[in-house]
Enquirer: 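Quick one: the structure is below, questions incoming.
Here the structure is a predicted model, which is why all the values come from computation and not from measurement. Only this structure's heavy atoms are used, side chains among them; waters, hydrogens and symmetry mates stay out. Chain A is the first sequence line, chain B the second, and so forth, proteins listed ahead of strands; every chain is numbered from 1.
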Amino acid sequence: MTEQFPIYLHNTLGRRVEEFQPQNPDEVLVYTCGPTVYSYQHIGNFRAFLFADTLRRVLEYNGYRVRHVRNITDVGHLTNETLGTGVDKMEAAARRENLTPREIADHFTEIFHRDQALLNILEPTAEPRATEYIPQMISLTERLIGRGYGYCVKGDVYYDVDKFPSYGMLSGNTVEDLIAGARVEVGEGKRSPADFALWKAAAPDKLMRYESPWGMGVPGWHLECSAMALDLLGETLDIHTGGEDHVFPHHEDEIAQSEGATGKRFARYWLHNAFLQLSGAEKMSKSVGNILTVGDLAERGIHPLSYRYFTYQAHYRTPQNFTWEALEAAQTALYRIYDQVADLLQSSEPAGLTESGAAVRNAFREAINNDLALPEAVAVLNTMLSNSTLPPEDKLSLLDDFDRVLALDLLAVGRGLIVAGPAEREILDRRAQARAERDWALSDELRSKLAAGGLDVKDTAQGQRWTRSDVLPRVQAPQTGAGH
RNA sequence: GGCGACGUGGCCAAGUGGUUAAGGCGGGGGUCUGCAAAACCCCUAUCGUCGGUUCGAUUCCGACCGUCGCCUCCA
C-alpha cells in the first residue's frame, strides 16, 4: 500500500497528458473555481464540482494529502450589458428579492452546501468568500501597478497585457488575434483593447462597493482567485481546476495577474472539464433559465448519487449529453449495484483480498490514475461484480475500496437496504417455516405482506434474501425528452 | 473573424494503427426457481462524409458537414 503509482493528468497548458508530480511529495495544492452565489447551482455546475471532488479523492486514494481551496464568489461582476446600469447579477437578485446582496449570497451558499453534501462532495479545506478578500485584492492590484503591470485610468485599473509576453499561453489566443476579434471592445482609456480590469470604479448607487486607493469601486473579474490562491496556497499551485469556459479569459488573466505579481509560475497543472449538454439545446445557463438543480432531480425521483454516477459514465474532458432517459438508466444501474451489495452483505463481510481481487484493484487504480478514466473504472466495477469466481469477501472489500473514489455510499446504502425490523423478522421466520413445509400459499401470502411493508423477499439456494424497496427514491414522472 | 472540443450500436458512452471495438441502460432468447425476484449466459455496431499517409485506420493527416464551448458574468 505504500507503493506509489504514477498518476497521469491532462494539462490544458500544453494540451497533453503528463505524469503528475507534486512540488511537495506529501501534500498537493489544489485550487478550484467555485460558484457564484446569486442563484442556484445547476447540475451542469455540479459536473465541474464533482470532477474536482473526484480529482481530490483520486489524489487521496493515492496517498496524498490535499489542500483544496474553492472560493465563493459573492461579489457580482459587471458585464457589458449591465455596465451602464451599474447593477450586477448579485445586485439584481438582491433588488428583485428586496434583500441585501449578503442575504442573497448566504441563501444560495446554503443551498449550494446542502446540494454538495447530497452529492457527497467533500468540503474544501478552505472556502474563502470574495467579499472577505477585498483588502488582499487591493494590495495585489497595488503590487501589479508597482511592478509595471497595472495602470490607473480615472478610477479604473487595467492590466497591461503587452507587459506579459506569454499572455495567451493557456488558451492559445494571441494578443493580436484578440484585438482583431470582433468582440473585443476598446475600453475607455485602455492602452490595448486586450487589457482587462483589475479594479473598476463604481457609482454611488451601487450596493456593493469598496474604498480603494483609486476611489470607490469593485474588484476586477478575475482578481479574487489570484488573491485567494496566493494567500491560502502560496505562489505556485500544483493543480488549478475549472470548467472549460474559464480557460479564457478567466484563467488566462489569473495567470497574468499572479505571475505578474510574483514572477513565479502560478499553477503547474490546469485541468478543465467539458460541459454537460442538453442534447442539441443550448447550454444550461442561469441567465437563459433552462437550468436543472439537484432539487429538480429529486422531485423527479432521482437520487443525487445517481447523478454523481451518471457523470462517471463520460470522461470529464468529453461533453456529456444529458437526457432523462440516460439519467434514469444511470439510476437503474446504480440501484442494481446497491442491490448486489445488499445481497453480498447478507452472506459475507468485507475481508482481505485474494490475489485475483488485488488484480481487480490494480485495474481500478490504473483507470483512475489515467487522467481520471472513470468510465473505465466503473466498467472494472461492473465486471468485478459479475465475476463468479471472485469471493464475495473480495467483492465487498473492493466495493469499499473503490468507494473512496466513487463516493456512492456503496456499503452504507447496501446495509440500509437489508434492515428488517423485529416484526418483519418474525414474518420472515414464519415464511421460512412455511417453505420448509412446502406451504406455498402461506409463503406467497407472507411475501406479499412483507412487500406491502417495503420489504422485497426472494428465495435463493442459501435461503431468503431481502432488500427494502422503501429507502431509495424511485423515478416518478413518465419519461419525456431532455430539459423541462 | 480568432481560439478550442466533440461526432462510435435504440439511448448514455469507453477505447485502440492490425487478434473478439469496454461498461451501463433498453430490446430479444435462455439457465435457475413451486411461483416470483435476483443473478448468470447468449444475441443486438465496422466507429459523421470524402480524400490522403500506411502492407493495414474507427484510431494519423487534410477537407467538408454537423454539434458544442470561449472570445461578455458563466462549470
Enquirer: So, Arg70(A) and Gln116(A): side-chain donor and acceptor under 3.5 Å apart, yes or no?
Expert: yes
Enquirer: Please pick, from A39(B), A13(B), C74(B), the nucleotide with the shortest atom-to-atom distance to any side-chain atom of Gln340(A).
Expert: A39(B)
Enquirer: If the P atom of U54(B) is compared with that of G24(B), how far apart are they to the nearest Å?
Expert: 40 Å
Enquirer: Listed by chain and number, what are the side chain to side chain donor-acceptor pair (under 3.5 Å) partners of Lys449(A), not counting sequence neighbours?
Expert: none
Enquirer: For Phe310(A) and Thr460(A), take the nucleotide of RNA chain B holding the closest heavy atom to each; which residue's nucleotide lies nearer the 5' end?
Expert: Phe310(A)
Enquirer: Sort me out a list of protein N/O and nucleotides 5-7 of chain B N/O pairs below 3.5 Å, or just none if empty.
Expert:
none

Enquirer: Output all residues satisfying side chain to side chain donor-acceptor pair (under 3.5 Å) with Tyr338(A), sequence neighbours left out; order by chain, then residue number.
Expert: none
Enquirer: For Arg425(A), check side-chain contact (heavy atoms from CB on, under 4.5 Å) against everything at least two apart and list the hits.
Expert: Ala420(A), Trp466(A)
Enquirer: Check side chain to side chain donor-acceptor pair (under 3.5 Å) between Asn369(A) and all other residues, then give those that pass, not counting sequence neighbours.
Expert: Asn62(A)
Enquirer: Are there any protein N/O atoms within less than 3.5 Å of an N/O atom in nucleotides 23-28 of chain B, and if so, which ones and at what distance?
Expert:
residue, atom, partner, partner atom, Å
G23(B), O2', Asn382(A), ND2, 2.8
C25(B), OP1, Arg336(A), NH1, 2.6
G26(B), OP1, Arg336(A), NH2, 3.3
G26(B), OP2, Arg336(A), NH1, 3.2
G26(B), OP2, Arg336(A), NH2, 3.4

Enquirer: Pick out the pairs of N or O atoms, protein on one side and nucleotides 32-35 of chain B on the other, that lie under 3.5 Å.
Expert:
residue, atom, partner, partner atom, Å
G34(B), O6, Arg435(A), NH1, 2.4
G34(B), N1, Asp444(A), OD1, 3.0
G34(B), N1, Asp444(A), OD2, 3.4
G34(B), N2, Asp444(A), OD2, 2.7
C35(B), O2, Arg447(A), NH2, 2.7
C35(B), N3, Arg447(A), NH1, 3.0
C35(B), N4, Asp459(A), OD2, 3.2

Enquirer: Kindly write out the residues that satisfy side-chain contact (heavy atoms from CB on, under 4.5 Å) with Asp106(A), not counting sequence neighbours, or none if the list is empty.
Expert: Arg102(A), Arg129(A)
Enquirer: Which residues pass the side chain to side chain donor-acceptor pair (under 3.5 Å) test with Thr318(A), not counting sequence neighbours?
Expert: none
Enquirer: I'd like to check the side-chain contact (heavy atoms from CB on, under 4.5 Å) partners of Asp160(A); sequence neighbours left out, ordered by chain and number.
Expert: Tyr151(A), Asp162(A), Lys163(A), Arg191(A), Asp195(A)
Enquirer: Taking C11(B) as the reference, what is the distance to G27(B) when you measure between their C1' atoms (whole Å, please)?
Expert: 12 Å
Enquirer: We want to know whether Thr73(A) and Glu224(A) form a side-chain donor-acceptor pair, criterion being a heavy-atom distance below 3.5 angstrom.
Expert: yes
Enquirer: Relative to the 5' end of RNA chain B, which residue comes earlier, Asn370(A) or Gly242(A), by the nucleotide with the nearest heavy atom?
Expert: Asn370(A)
Enquirer: Extract the stems that RNA chain B is part of, considering only consecutive pairing runs of at least three Watson-Crick or G-U wobble pairs, both distances under 3.5 Å.
Expert: B:1-7 with B:65-71, B:10-12 with B:23-25, B:26-31 with B:39-44, B:48-52 with B:60-64
Enquirer: Which ring pair (Phe, Tyr, Trp, His ring centres under 6.0 Å) pairs, counting each pair once, include a residue from residues 364-393 of chain A, with sequence neighbours left out?
Expert: Phe364(A)-Phe402(A)
